[in-house]
Amino acid sequence: MQNTVSIKWLLARMFEPDLVIADCRFWLNDPLAGRQKYAESHIPRAIYLDLEEDLSSPVSTHGGRHPLPESEQMARIFGRAGLSQDDRIVIYDDNNGMNASRLWWMLTYLGHNQVYILEQDFSAWKQAGYPVTDEQPVIVPKTFEARPQEDMVVDVDYVRQVSERLLGSGRANAGQADSINHTAADHTNSSHEADSTVHLNTPTVLIDSRAHNRYLGLEEHLDKKAGHIPGAVNFFWQDVLTEAGSLKSAEQLEEQFARLDKEAEIIVYCGSGVSACPNVFALRQIGFENVKLYPGSWSDWISYEDNPVATGNEV
């Protein structure tokens, strides 16, 4: 399934009437920067969708740091932004595709099947000498019909059941995390390393997409607890990218995810349901069909005090 387009492809088609371009630039450490940069310069005809204002619901007790809006709310937001199921939509950011993948996932979840991510980011577009503008497009609201694909998403209760099954499986027993419900400090000197060659042959695989030290529980700069969901294995989301920041080739991604069975159920999470999306996107590109997102992710998991926390490596 090919859901990327090149900057040359977009340049040749950017004024076609059924093509909508969406700018998703956003930085967690400066939430206003994305909109400001869009106002200064963007690809002609591009609309702007903000991670926190448009692609997330307000934060509450549960649901994580970037709660996924209800499907009807998503449809209203997209309709107001001038999107419909009949449009071809091309998305870009300047964040290694992290935010673009979030919008791609949301649109795909609502049943849209013509959504593409720009292979290179906005900086590459500018460096190529392609046109940019500060003009705001005139947005004509449309009706966006929500057709939720419920098999693309799981909630905390489902993940809790999966975690318990994984802890009881032969794989987990053979290579459990160093500790469950212990502090990360207990393992700062651990020499345990996950075996990246071990094939994960359980019917369900739980993937943590965060940086390895956050998965291990050695550091945590965004959430109140450090560690990972028991039973999860670590596939850092940026590992699906080339050094230039574009998505790796299909052959490289096949190697990246060689431990996984394409017939397995793959559940992907991160810190708040955003950086998991590049992993979901990459897996879908190479033929994994049963891939699901846990939108609330780690920040939702730890909002339930009874949920266990693991530190250290798992097989």
Report summary line: d(I21 CD1, I91 CD1) to nearest 0.5 Å is 11.5 Å

Under a 4.0 Å threshold between the charged nitrogen and the carboxylate oxygen, would [Y] count as salt-bridged to [X]?
{"X": "D223", "Y": "R214", "value": "yes"}
{"X": "K8", "Y": "E119", "value": "no"}
{"X": "R35", "Y": "E53", "value": "yes"}
{"X": "K262", "Y": "E254", "value": "yes"}
{"X": "K142", "Y": "D86", "value": "no"}
{"X": "E220", "Y": "R210", "value": "yes"}

Assign the ring pair [X] / [Y] to parallel, tilted or perpendicular, where the plane angle (0 to 90°) is split at 30° and 60°.
{"X": "Y130", "Y": "W125", "answer": "perpendicular"}
{"X": "F281", "Y": "W104", "answer": "perpendicular"}
{"X": "W298", "Y": "Y269", "answer": "parallel"}

**Report entry** Cation-pi, F26 ring and R102 (6.0 angstrom, 45 degrees)
**Finding:** no

Requested in this report: Give the intermediate values and the outcome of side chain to side chain donor-acceptor pair (under 3.5 Å) for residues Y48 and D54.
Outcome: CA-CA 9 Å; Y48 181 73; D54 301 310; over 6 Å; no

Query raised in the report: Within the distance-only criterion (no hydrogens, no angle test), does the side chain of H62 pair as donor or acceptor with the backbone N or O of G296 below 3.5 angstrom?
Result: no

Query raised in the report: Counting distance only, does the side-chain N/O of T311 pair as donor-acceptor with the main-chain N or O of G227 below 3.5 Å?
Result: no

Requested in this report: Could you list the residues that satisfy side chain to side chain donor-acceptor pair (under 3.5 Å) with R13, not counting sequence neighbours?
Outcome: none

**Report entry** Results of side-chain contact (heavy atoms from CB on, under 4.5 Å) for A124 - residues two or more places apart only
**Finding:** Q120, D121

**Report entry** Derivation and outcome, side-chain contact (heavy atoms from CB on, under 4.5 Å), residues L260 and L283
**Finding:** CA-CA 10 Å; L260 305 180; L283 287 163; 3.9 Å; yes

